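Notes to accompany the following structure.
Quick caveat: nothing in here was measured; it's all calculated off a predicted structure. Lettering of chains follows the sequences in order, A, B, ..., and the numbering in each one begins at 1. Scope of the values below: all heavy atoms of this structure, side chains included, with no hydrogens, waters or symmetry mates.
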There are 2 protein chains.
Amino acid sequence: MLRFTKRSEYGLIALAYLGGQGDSYCSAREIVDTLGLPRRLCAEILKSLSTAGLVEAIRGPGGGYRLKREPSGLSLSEVITVLEGPLRMANCANGGECEKEAACLIATGVNRVADDIQGVLSSFTLADLIAEAQAKINAPTPAIQV
Amino acid sequence: MLRFTKRSEYGLIALAYLGGQGDSYCSAREIVDTLGLPRRLCAEILKSLSTAGLVEAIRGPGGGYRLKREPSGLSLSEVITVLEGPLRMANCANGGECEKEAACLIATGVNRVADDIQGVLSSFTLADLIAEAQAKINAPTPAIQV
DNA sequence: ACAAAATAGCACCATTTCAGTGCCTTTTCA
DNA sequence: TGAAAAGGCACTGAAATGGTGCTATTTTGT
Ligand code: SF4
Ligand code: SF4
């Protein structure tokens with residue numbers, strides 16, 4: 001239904017959290033407890049991010065995860081690709097093929113739309129999300145302002 | 001996995017076909033036979049498009065479907081909304097709500113992305129798809145050119 | 001009146017994806 | 001050596017998705 005999967009959503013949340021923690025390592029436990037996310041599932045996600053080289057993992061006490069790449073160079077597109085496979089809006093789109101493509105009336109148009117969406121996903125970076133997160137952290141309790 | 005459903009895909013194909021047939025009525029049978037699509041499923045889709053007022057349906061012999069609205073005023077967003085419900089990239093996005101939203105680190109960013117994608121879907125119209133289709137019809141057999 | 005064309009309506013099934021969990025192993029620090 | 005922490009594996013339940021069959025109703029044409 002054209003929505004983010006929980007894998008992507010949780011992954012982005014975890015990455016945003018890590019982005020706000022500088023160079024220190026954060027355990028999966030800390031992340032899920034702080035953010036209220038399902039443990040095992042997030043562990044799975046973090047593992048994927050680790051093997052993909054987006055985060056750095058250190059075992060043992062005091063270990064955990066931290067970002068391995070610059071948030072400004074990490075696009076949503078890349079994160080999603082890691083967590084749920086390459087984008088494929090339709091069989092013919094995003095580099096795929098469809099046997100009906102030659103005769104299909106909308107193949108060209110669908111490809112354009114898919115490219116545009118791919119573009120949106122590529123243009124947003126983790127740095128953008130972190131900026132939002134920081135803004136939220138800087139004004140955590142608006143109630144005080146009253 | 002962030003892809004179009006078959007409902008949307010078939011729906012758009014059918015609409016593109018109808019767009020190329022002017023004001024004459026085309027039966028569902030003609031559409032699915034010409035385009036090689038599953039009959040019952042497309043019938044279901046056309047019915048949805050009909051009740052939503054995107055196409056006009058006439059029963060009985062000689063009847064069928066035809067576009068009810070200007071292709072240039074019919075956005076992909078609207079078609080998709082009719083066929084698979086309103087876009088909702090995440091619980092908090094596209095007008096929805098999420099109980100974690102106040103504390104969520106990426107809610108604002110996710111909303112922006114969702115709005116951008118919504119924008120892409122809104123900016124493409126059926127007329128764009130039809131234009132592509134016409135171009136394809138005008139050069140149907142490139143083999144002849146050789 | 002009647003047969004055929006065509007949409008409308010309903011209920012169901014199979015497959016795939018998705019979200020989530022359990023349990024155990026390995027590494028590493030104190 | 002014990003606890004913390006990531007890594008690995010297999011599984012389950014729920015939902016979305018794609019698809020079909022059958023019947024009823026409307027309408028045209030003969
Ligand atoms: S749009 Fe046409 S070509 Fe592209 S996947 Fe769907 S059917 Fe195949
Ligand atoms: S992004 Fe944050 S707020 Fe939006 S739906 Fe996911 S968890 Fe809820």
Quick one: list whatever passes side chain to side chain donor-acceptor pair (under 3.5 Å) with A:S75, sequence neighbours left out. none
Would you tell me whether B:Q118 and B:S77 have side-chain atoms, one donor and one acceptor, within less than 3.5 Å of each other? yes
Could you tell me the separation between the CG atom of B:L18 and the P atom of C:dT7, rounded to a whole number of Å? 10 Å
Round to the nearest Å and state the distance from B:I45 atom CD1 to C:dG9 atom C1'. 16 Å
Interatomic distance where CZ belongs to B:R39 and P belongs to D:dC22 [whole Å]: 14 Å
Taken to the nearest whole Å, CZ/B:R29 to C1'/C:dA8 is 17 Å
Those residues that, when tested against A:D33, pass side chain to side chain donor-acceptor pair (under 3.5 Å) (two or more places apart): A:R39
Nearest to the side chain of B:Y65 - C:dT7, C:dC29, D:dA6? C:dT7
Members of residues 85-92 of chain A that approach DNA chain C, where some heavy atom sits under 4.0 Å away: none
Give, for atom CG of A:L54 and atom OG1 of A:T81, the distance between the pair rounded to the nearest 0.5 Å. 10.0 Å
Rounded to whole Å, please give me the gap between CG in B:L49 and P in C:dT7. 13 Å
Which residues satisfy the salt bridge (charged side-chain N to carboxylate O under 4.0 Å, His left out) test with B:E78, sequence neighbours excluded? B:R69
Contacts of A:G60 and B:G63 projected onto DNA chain C by closest heavy atom; the upstream (5') one is B:G63
Think A:S50 has a side-chain N or O under 4.0 angstrom from the OP1 or OP2 of D:dG7? yes
Using the test side-chain contact (heavy atoms from CB on, under 4.5 Å), find all partners of B:K47 that sit at least two apart in sequence or belong to another chain. B:E44
If Ile, Leu, Val, Met, Phe, Trp and Tyr residues are connected whenever their side-chain heavy atoms lie under 4.5 Å apart, and connections chain through other members, are A:L67 and A:Y25 in the same group? no
Between B:E30 (CD) and C:dT7 (C1'), how many Å, whole number? 15 Å
Base, sugar-phosphate alone, or nothing: which one does B:A28 contact when heavy atoms must sit under 4.0 Å apart? sugar-phosphate
Go through the steps for B:E56 and B:R66 under the test salt bridge (charged side-chain N to carboxylate O under 4.0 Å, His left out), then give the verdict. CA-CA 5 Å; B:E56 196 175 357; B:R66 76 174 178 189; 3.1 Å; yes
In whole angstroms, how far is the C1' atom of C:dA8 from the CD1 atom of B:I58? 14 Å
Can you measure A:L83 atom CG to C:dC18 atom P for me and round it to whole angstrom units? 12 Å
Please give me the minimum heavy-atom distance between B:I13 and A:L105, naming the atom from each residue. O-CD1, 4.4 Å
What is the per-nucleotide protein-contact pattern of nucleotides 8-19 of chain D, from the 5' end, where B denotes a base atom under 4.0 Å from a protein heavy atom, S denotes such proximity for sugar-phosphate atoms only, and - denotes neither? BB-------SSS
